[in-house]
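Report on one structure; see the data block that follows.
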Number of protein chains: 2
Amino acid sequence: MPVNSRLVTFHAGDSGFWRIISNKPYVGAAWPEAKRLEVSMGEPPNQKSIWQLTGVTSNERYVSRIEKNTLSAKQAPLGRPTADRAALIPIRKTAAWWAMTQDERLAIFAESHNAIGLKFLPAIARRLHHCRDLDTHQPFDFLTWFDYSAADENAFEDLVSALRQTPEWKFVDWEIDIRLRRE
Amino acid sequence: MPVNSRLVTFHAGDSGFWRIISNKPYVGAAWPEAKRLEVSMGEPPNQKSIWQLTGVTSNERYVSRIEKNTLSAKQAPLGRPTADRAALIPIRKTAAWWAMTQDERLAIFAESHNAIGLKFLPAIARRLHHCRDLDTHQPFDFLTWFDYSAADENAFEDLVSALRQTPEWKFVDWEIDIRLRRE
């Protein structure tokens, strides 16, 4: 069976395009240290790694058409030549989050998540990967990948800090914050 | 990496708990014939098959708390001793469906899907499996498994017929209807 074309694998080890400059748990246990990170789309390369995390990009679950049009008009793509900073933030949400119905999750999410994200466009580019419905059991539910310029490092701190103060974050029970540089 | 505990595999071949009595496309190309079907939870057995279809049960995407409470109060579990009829209905939805935002999909879905399902509880038991976000590319987006008694066969025809007349079904571009008996 061919691989899902929306699959993305993050390989950490001694080689890779990005240099890992920090790796800290924000909630929960620490995650293994490594020197560099490679991001692979589609078929994962048969590559030695210290750890690998995999997710798939998918349809959006909590964005309305009005929000999507506003976000699409402002957002920038990943991989801009100026974007030499990146962050990989794996999170896991609690069983209580997953037991809620769509309207309950949306009410908590919509209160702030999209509005906060919008404030930091186009400076911060972002891609969300879902891990929960893969064939294999995954340690995290989501992997979010961000890139931005050195000049926007403070803006990125403001973004993650604002998200962590939302009601949604009460349902995050494991979060690792990995920062990287393109060098 | 251990297998996702919510993974379910449908194996069709010469052996299996269920006898396949019909296998017809409702929209799109035909699907290979086989005699029997086995349903495996979690780790897929290393078993010879004519075809296999895999999905994962997951959090609900379009059910509100009010609907969920009403559905939960009426629904029956799969595997009742009287449920000697079953159906496996793999469907694929169009790219236009997946490009819609959550509110757009919900508006089309909520118009009728949950209300129709509710009318046939507890006679028809059902489990939905998602295929789109697995590691491997899957032919269908969803696999729905139903079981019911011989006395409820007409009710099941009414259920699938009512669903196929909804606006949601304009976004189904491949659908196979497989019927089975426990014998």
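Computed from a predicted model, the values in this text were never measured in an experiment. Order of the sequence lines fixes the chain letters, A, B, ..., with proteins taken first and strands second; residue numbering starts at 1 for each chain.
- Under the 4.0 Å criterion applied to side-chain N and carboxylate O atoms, A:R127 and A:D147 are not assigned as salt-bridge partners.
- For a residue to count as touching a neighbouring chain, one of its non-hydrogen atoms must lie under 4.5 Å from one of that chain's; by this rule A:L134 touches chain B with backbone and side chain alike.
- Taking A:E104, A:R132, A:Q102 one by one and counting their heavy-atom pairs under 4.5 Å with chain B, the maximum is reached by A:Q102.
- Top candidate by heavy-atom pairs under 4.5 Å with chain B, chosen from A:L7, A:V56, A:D103, A:N4, is A:N4.
- For a residue to count as touching a neighbouring chain, one of its non-hydrogen atoms must lie under 4.5 Å from one of that chain's; by this rule A:E67 does not touch chain B.
- For B:D152 and B:R80, the salt-bridge test fails: no basic side-chain N is under 4.0 Å from an acidic carboxylate O.
- Of the listed residues B:T54, B:V63, B:I66, B:L106, the one with more heavy-atom pairs under 4.5 angstrom with chain A than any other is B:V63.
- At a threshold of 4.0 Å, the pair B:R179-B:E157 counts as salt-bridged, since one of the basic side-chain nitrogens sits closer than that to a carboxylate oxygen.
- Residue contact with chain B, scored on non-hydrogen atoms closer than 4.5 Å, is absent for A:S5.
- Residue B:K24 qualifies as open at atom NZ: its count of foreign heavy atoms under 6.0 Å is 12 or below.
- For a residue to count as touching a neighbouring chain, one of its non-hydrogen atoms must lie under 4.5 Å from one of that chain's; by this rule A:R6 touches chain B with the side chain only.
- Here the straight-line distance linking atom CZ of A:R105 with atom CD of B:E60 works out to 8.0 Å at 0.5 Å rounding.
- In terms of heavy-atom pairs under 4.5 angstrom with chain A, the leader among B:N59, B:D133, B:V3, B:T57 is B:D133.
- Salt-bridge formation is detected for the pair B:R92/B:D173: a Lys NZ or Arg NE/NH1/NH2 atom is positioned less than 4.0 Å from an Asp or Glu carboxylate oxygen.
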